[in-house]
Every structure is written in C-alpha cells, then in structure tokens.
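Atoms within each ligand, like the ligands themselves, are counted from 1 in listed order.
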Amino acid sequence: MWRVEPLRLVLLFVHLIGFALLLGGAITQYLTGRLKINSAMLWGAAIQVLTGVGLSAPLRDGHEPSPAKLATKLVLGLMIFAMVFFSRKREAVNRGHFLAIIGLTLLNAGVAVFWR
Ligand code: HEM
C-alpha cells in the first residue's frame with residue numbers, strides 16, 4: 001500500500017529520534033554521576049510510546065509484525081515511560097532504577113531488531 005509508506009517512514013524516523021533522546025539522555029546523565037531523570041529521557045520515552053503505537057497500525061500491506069512482538073514492545077515502552085514520568089521530579093533515583101531504564105530501553109530495541 002504505497003500511499004501510507006511515507007507515513008510509516010516518518011513515524012519510524014521520529015521513533016529513532018525518540019530512541020536517541022532516551023538512550024543518549026540516560027547514558028549522558030549516568031556519566032555525570034547524578035542519577036536524575038532529565039528532559040531528553042522524558043521526551044524520548046513519550047515519543048517512543050506515541051510513535052510506537054502509530055507504527056503498530058497495519059501500514060505494511062499485509063507484512064505486519066506479529067501481535068506478540070507489538071504487545072511486548074508496548075508493555076516494555078509503558079514500563080519505561082512510567083519509570084521516567086513518575087520519578088521526573090526527584091533530585092536523584094536509585095542506581096537500580098536508572099540502570100533498569102537503560103536496560104529495558106536496550107531490550108526494547110533488541111525486540112524491534114531481532115524478533116522477526
Ligand atoms: C523505549 C522504547 C522503545 C525503543 C527503544 C524502541 C526501539 C525501536 C527501534 C530501534 C526500531 C527500529 C527497528 C527496525 O527498523 O528494524 C523500532 C521499531 C518499531 N517499534 Fe519501537 N521502540 C520502543 C517502543 C515502542 C513501543 C511502545 C511500540 C508500540 C507497540 C513500538 C513499536 C514499534 C514498531 C511497530 C516498530 C517497527 C517494527 C517492525 O517493522 O518490525 N516501539 N523500535
């Protein structure tokens with residue numbers, strides 16, 4: 001379905017920018033030694049859920065990713081968003097909480113790439 005292909009590509013492009021904001025924001029913050037949720041992480045997590053839901057629409061002319069893959073990505077994405085959103089005003093979060101955000105982000109990128 002060629003008419004929706006540009007829409008899918010724009011959503012994928014913004015999805016990758018959200019990934020860069022979330023992972024880049026988290027690693028940069030981690031390297032400062034102060035484990036605070038920064039706004040790049042917050043925007044990145046929100047962009048991932050919004051563009052991810054858009055990318056889950058049937059835009060591929062029948063060659064859709066499996067519903068199990070999409071459900072896994074959605075659950076992981078919502079977990080990351082909750083972990084970022086509800087801690088956004090804290091001066092610092094636990095190291096385990098911060099590393100879990102990074103780990104779940106990497107896991108969700110792995111699900112996107114390796115689950116075919
Ligand atoms: C932190 C959260 C997320 C990360 C790091 C992430 C990462 C990625 C990456 C790197 C890709 C590109 C894969 C490729 O083109 O080969 C991708 C694609 C995709 N993502 Fe996400 N994503 C996240 C959240 C979500 C959420 C919440 C959804 C909603 C269900 C979602 C749905 C999708 C879909 C449908 C694709 C296209 C997959 C395909 O064509 O097989 N993502 N994601």
Side-chain angles (χ1 to χ4, degrees):
M1 202 193 289
W2 61 271
R3 279 166 300 173
V4 292
E5 183 62 6
L7 170 65
R8 189 183 75 81
L9 294 178
V10 169
L11 284 170
L12 185 60
F13 182 70
V14 181
H15 199 63
L16 293 178
I17 292 172
F19 178 34
L21 284 171
L22 176 58
L23 187 62
I27 290 180
T28 309
Q29 187 69 45
Y30 189 80
L31 293 176
T32 69
R34 184 164 163 249
L35 302 184
K36 185 177 179 1
I37 307 296
N38 63 39
S39 48
M41 296 168 69
L42 188 57
W43 278 100
I47 288 171
Q48 286 314 82
V49 172
L50 292 174
T51 55
V53 168
L55 279 171
S56 303
L59 301 170
R60 292 170 192 73
D61 207 10
H63 302 93
E64 311 300 336
S66 79
K69 171 179 176 173
L70 299 179
T72 305
K73 288 207 67 179
L74 182 60
V75 169
L76 291 173
L78 288 174
M79 283 170 67
I80 294 165
F81 181 74
M83 291 173 81
V84 168
F85 185 79
F86 293 110
S87 304
R88 72 192 186 283
K89 292 191 177 141
R90 289 176 56 182
E91 276 312 305
V93 299
N94 294 333
R95 185 168 302 272
H97 183 97
F98 206 91
L99 288 175
I101 292 170
I102 295 176
L104 289 173
T105 300
L106 292 174
L107 183 62
N108 225 3
V111 168
V113 172
F114 296 112
W115 188 330
R116 291 287 156 194

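Among Arg8, Arg116, Lys69, Arg60, the residue whose heavy atom lies nearest to atom 14 (C) of ligand 1 is Arg116. The closest non-hydrogen atom to atom 30 (C) of ligand 1, taken over Ala71, Ala57, Ser56, comes from Ser56.
Within the listing of ligand 1, atoms 1 (C) sit less than 4.0 angstrom from a heavy atom of Ile80. Close approach of ligand 1 to Leu74 is summarised as follows: ligand atoms under 4.0 Å from at least one heavy atom of the residue are 27 (C), 30 (C).
When non-hydrogen atoms are compared, ligand 1 lies under 4.0 Å from the side chain of Leu16 (C-beta onward) but not from its backbone. Of all the heavy atoms of Leu70, the ones lying under 4.0 Å from any atom of ligand 1 are found in both the backbone and the side chain. Of the heavy atoms in Leu106, none comes closer than 4.0 Å to ligand 1.
Looking at Ile101 and Val93, their side chains never come closer than 4.5 Å, going by heavy atoms from C-beta outward.
Side chain of Ser66 to main chain of Lys69: a donor-acceptor pair is present (N/O by atom type, distance under 3.5 Å, no hydrogens or angles).
Note that CD1 of Ile37 is 8.5 Å distant from CG of Leu42, once rounded to the nearest 0.5 Å.
Cation-pi geometry between Arg95 and Phe98 is not satisfied (NZ or CZ under 6.0 Å from the ring centre, within 45° of the ring normal).
Protein N/O/S atoms closer than 2.8 Å to atom 21 (Fe) of ligand 1, listed by chain and residue number, are His15 NE2, Lys73 NZ.
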